[in-house]
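Presented below is the structure to which this report refers.
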Amino acid sequence: MDQESKELGRFAGEIADVARGMGLDFYPVHFEIAPPEALYTFGSYGMPVRFTHWSFGKAFYRLKMHYDLNLSRIYELVINSNPAYAFLLEGNKLIQNKLVIAHVYAHVDFFKNNHYFGRTPKDMVERMAAHAKQIRDYEIQYGRDKVEQTLDAVLAIQEHVDFRAHIARKSEQKERVRSTRRLPTLMEQYEDLWKIDEEEAETKAEVHEDEDLLRFIILNSPTLADWQRDVLSLVREESLYFYPQIETKIINEGWATFWHARIMREISLSDSETLDFALMHSQVLQPSSYSLNPYFLGYKIWESLEKRESLESLFELREAENDLSFVRNYLNRELVEDLNLFNFRKVGAHWQVAETDWERVRDNLVQGLEHGGHPRIVAVDGDYEGKGALKMRHCHEGLDLDLVYLEKTLALVQYLWGKPIYLETVYDSKKVLFECNNGLVTRHPLNDNGERRQ
Amino acid sequence: MNDETIVNRDDWSLHRKGYLDQSRHKEKVQEAIKQQMGDLIVDESIILSDGKKTLKIPMRSLEEFRFRYDFNKKKHTGLGNGKVAPGDILGREAAKGKGGGSGAGEEPGMDIYEAEITYDDLAEILFEDLRLPNLDDKKRPLISHDRPEFNDVRKNGLMANVDKKRTLLESIKRQAREKYQAVPEEEQASAKERIRITPEDLRFKTWETRPNYETNAVILAMMDTSGSMGQFEKYIARTFYFWMVRFLRTKYKNVEMRFLAHHTEAKEVTEEEFFTRGESGGTRCSSAYQLALDMIEADYPPEHYNLYPVHFTDGDNIGSDNARALNLMQRLVEASRVVGYGEILRTHYSSTLMSTLKRITDPKLRLVTIRDRNEVYAALKTVFS
């Protein structure tokens with residue numbers, strides 16, 4: 001082991017002790033020192049080993065370009081697993097790495113204790129490596145283009161899985177077991193699929209809206225080959241794993257920032273280190289005026305809570321809340337006014353401040369956090385109008401969909417379904433039904449009862 | 001010191017995954033450019049430039065489509081440096097850029113980073129599909145000169161032309177052969193140390209002279225400059241010729257181009273005049289065809305030249321001229337390898353000239369109608385394929 005690793009190992013141990021002494025409770029953390037390329041690869045894939053897709057290459061290029069142009073750099077990257085994996089950027093100063101290490105321990109504490117992470121598998125690094133291998137095998141067997149086409153389509157709707165399915169249904173648990181670390185043989189995969197099919201068949205009679213669009217398509221698509229269904233379910237599993245991170249961005253980053261500041265105050269720093277730390281801490285929190293920096297917002301809310309609550313109750317909040325409830329419950333008038341938060345919207349060609357009233361600002365933020373910031377699309381019918389068509393509904397909550405994106409996405413979903421698909425939504429306060437057949441999208445106005453106007 | 005803490009450093013130098021997927025993304029962008037070619041090549045910033053300098057065309061990266069909210073209809077929450085009041089203007093269309101930030105969270109609607117494509121890239125993709133059709137090599141060479149061609153290897157030759165690779169190969173082969181013939185041990189040992197090149201190993205590159213035939217191709221570019229050619233029509237014709245000229249100059253070394261402008265009368269103009277000229281008056285297309293035929297007769301006998309007359313007009317020809325135009329066009333078609341006739345129209349009807357010309361069934365006459373900017377690409381492909 002080289003000198004730098006040894007030294008960092010010693011500091012990491014020290015920082016872990018301080019953090020534990022303050023009450024943080026985390027999994028063991030495995031730190032890797034990695035060069036920028038490696039770090040930006042993990043940043044864009046979300047994992048050290050993940051399946052191949054151009055969208056990751058695009059993300060990588062962007063991250064790397066930002067790094068090369070000195071626009072931004074990733075300081076910290078941590079993977080929710082047990083043991084947790086965290087990456088330190090090669091060439092960072094020691095003090096920078098110390099801050100990152102402290103930050104990482106707080107994240108891992110959050111992963112371990114927050115309720116929403118309770119169901120994420122702790123061996124996801126290995127599982128996703130197995131997924132990557134499986135998808136690679138499909139590429140060899142069925143051709144890169146076909147696999148890519150399938151991935152293009154499924155990634156377009158990867159957010160539309162039901163993250164709360166476990167609350168109402170038991171079958172979800174059974175299904176989770178499906179992807180094992182070793183690669184299942186094709187036959188074994190079949191067995192599972194048949195079983196789910198049977199289960200589904202029993203309940204199919206009753207009409208219910210399925211929040212898990214992806215699962216609905218896996219089970220009911222008239223066109224997908226078995227290997228494609230498998231690709232879909234691998235992506236779905238990864239999506240379920242990542243979702244808690246999406247819905248706890250503000251609270252988790254705030255928590256980690258809050259704690260790295262406290263921990264760094266406890267360990268002894270030289271004068272120049274103190275200065276560097278202050279600079280870095282303020283960079284992390286740097287507000288940008290058009291999009292809210294989640295580190296900043298989360299940190300400010302935790303800071304305000306610290307003033308009026310006991311430490312124990314802070315620990316309880318980090319167990320129970322996600323971004324939505326955190327912002328809804330604890331972003332108060334004082335904070336909104338202190339931070340000069342406001343809502344803005346486009347009026348003509350201008351972006352204009354719409355309102356500064358604290359409740360409206362809070363509610364707008366909350367609305368943006370619902371369902372991870374994605375529109376809620378549910379599957380309504382797998383045999384619409386008796387023609388085997390898929391009918392979906394957008395649960396309109398006051399925000400219209402982007403029509404350009406809608407049309408393109410529908411064509412992708414239709415690739416997965418094979419037969420025509422329909423999506424009901426509201427646009428400009430009018431009910432509309434979009435139909436996609438052979439990749440072509442048409443639009444039908446609906447009357448108030450949801451029937452097509454003649 | 002805590003036992004659970006491990007800090008590790010691996011060798012990541014072979015970790016290329018990000019780059020591999022990045023190159024796939026680039027490939028997909030190129031494909032997308034190809035699909036959008038129709039829109040890209042009529043971009044004014046290209047056509048109005050002289051096309052010599054390298055232009056950068058902003059090109060959106062490949063989008064990852066999903067169900068998302070309408071960014072422009074949505075209310076966003078921001079953070080002010082000081083107090084703001086409802087009604088304050090924040091900026092124009094500028095709120096898209098995503099702030100620095102880190103972490104893996106992707107925000108929908110924020111994805112605007114742009115890949116860039118240079119003029120040369122665009123030209124390369126465009127010209128890939130274009131060629132001079134029916135090009136005939138058997139024409140009498142106008143300029144033929146002998147051209148050396150290195151196509152043989154011999155044992156004798158000029159030392160300057162020694163073929164090092166083959167010489168070395170011969171040396172190795174020879175020494176391998178010698179090994180099997182009983183060679184004294186000590187000599188073998190010395191042979192191992194260095195490769196010796198003997199005079200019989202030497203090989204020389206040798207050339208043959210061949211007569212080099214240039215293909216004689218002549219483009220007769222004809223354009224209607226009458227009063228009925230509006231801004232749109234002129235722009236389209238200009239775009240077509242802009243790419244045509246660049247395509248010919250890039251792919252063919254020796255193509256002659258003559259430019260003919262006409263209204264009721266036709267005359268030859270310079271290239272610069274051709275592209276900038278605007279006139280008024282009626283249209284008599286036959287005048288251009290007659291001038292083209294005269295030129296052919298005087299300068300380019302069809303048996304020696306590959307002729308490509310191309311004519312662009314809005315089709316608004318004087319009715320009485322159509323019969324004569326048809327007659328002359330027939331003769332043009334007979335003399336030429338391919339004739340392009342392009343009509344730029346904004347109505348759904350085609351002109352009487354077009355329907356008259358349709359009587360010529362020879363596939364060498366290629367008729368195109370352009371109604372929309374993005375049809376220029378298709379027209380280029382129709383004429384030059």
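Here is how names work: the chains are called A, B, and so on, in the same order as the sequence lines, proteins then strands, and each is numbered from 1. Side chains included, hydrogens not; waters and symmetry mates left out as well; all remaining heavy atoms used.
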Given that the side chain runs from C-beta out, which part of [X] has a heavy atom under 4.5 Å from chain B: side chain, backbone, both or neither?
| X | value |
| --- | --- |
| A:F11 | neither |
| A:E407 | neither |
| A:P48 | backbone |
| A:F242 | neither |
| A:N252 | neither |
| A:F51 | backbone |
| A:I157 | side chain |
| A:E37 | side chain |
| A:V413 | side chain |
| A:H53 | backbone |
| A:D152 | side chain |
| A:I377 | side chain |
| A:R144 | side chain |
| A:L403 | neither |

Just verifying a value: how many Å separate [X] [atom1] and [Y] [atom2], rounded to the nearest 0.5 Å?
| X | Y | atom1 | atom2 | result |
| --- | --- | --- | --- | --- |
| B:F65 | A:L410 | CZ | CG | 12.0 Å |
| A:F342 | B:T77 | CZ | OG1 | 9.0 Å |
| A:W351 | B:H76 | CH2 | NE2 | 4.0 Å |
| A:L213 | B:F67 | CG | CZ | 6.5 Å |
| B:K74 | A:N364 | NZ | CG | 8.0 Å |
| B:D70 | A:L406 | CG | CG | 10.5 Å |

I'd like to check [X] versus [Y] (side-chain heavy atoms, cut-off strictly below 4.5 Å). Are they in contact?
| X | Y | value |
| --- | --- | --- |
| B:P86 | A:T356 | yes |
| A:K58 | B:E64 | yes |
| B:V84 | A:N340 | no |

Just so I understand: if I count every heavy-atom pair under 4.5 Å between each of [options] and chain B, which residue has the most?
| options | value |
| --- | --- |
| A:V404, A:L399, A:V353 | A:V353 |
| A:G368, A:P83, A:S55 | A:S55 |
| A:V49, A:L412, A:L339, A:T409 | A:T409 |

Check: B:Y69 vs A:H394 aromatic rings, parallel, tilted or perpendicular, using cut-offs 30° and 60°?
Finding: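 The rings of B:Y69 and A:H394 sit tilted, inter-plane angle from 30° to 60°.
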Margin query: Set out, in order, the CA-CA distance, both residues' side-chain angles and the distance that settles side-chain contact (heavy atoms from CB on, under 4.5 Å) for A:E355 and B:K75, then state yes or no.
Written below: CA-CA 10 Å; A:E355 53 220 358; B:K75 252 192 297 188; 2.6 Å; yes
Check: So, are A:R50 and B:D21 salt-bridged, with charged N and O less than 4.0 Å apart?
Finding: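 Looking at B:D21 together with A:R50, the answer is no, because their closest N to O distance does not fall below 4.0 Å.
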Note to self: Between B:R24 and A:E148, does any NZ, NE, NH1 or NH2 come within less than 4.0 Å of an OD or OE carboxylate oxygen?
What the structure shows: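 Looking at B:R24 together with A:E148, the answer is yes, because their closest N to O distance falls below 4.0 Å.
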Notebook entry, point to check: Looking at B:Y19, is A:K64 sitting on its ring face, NZ or CZ under 6.0 Å from the six-membered ring centre and within 45 degrees of the normal?
Noted result: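 Checked: cation-pi criterion not met.
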Next item on the list: Could you pull out the closest heavy-atom pair between A:A12 and B:V7, with the gap in Å?
Entry: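 Nearest pair, atom of A:A12 first, then B:V7: CB-CG2, 4.5 Å.
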Next item on the list: Over all heavy atoms of both residues, which pair between A:L155 and B:R66 is shortest? Give the atoms and the distance, please.
Entry: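 Looking at all heavy atoms of both residues, the closest pair is O-NH2, 3.9 Å.
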Margin query: If you apply the rule ring pair (Phe, Tyr, Trp, His ring centres under 6.0 Å), what do you find for A:Y61 with B:H25, and how did you get there?
Written below: CA-CA 9 Å; A:Y61 172 67; B:H25 175 233; 7.3 Å; no
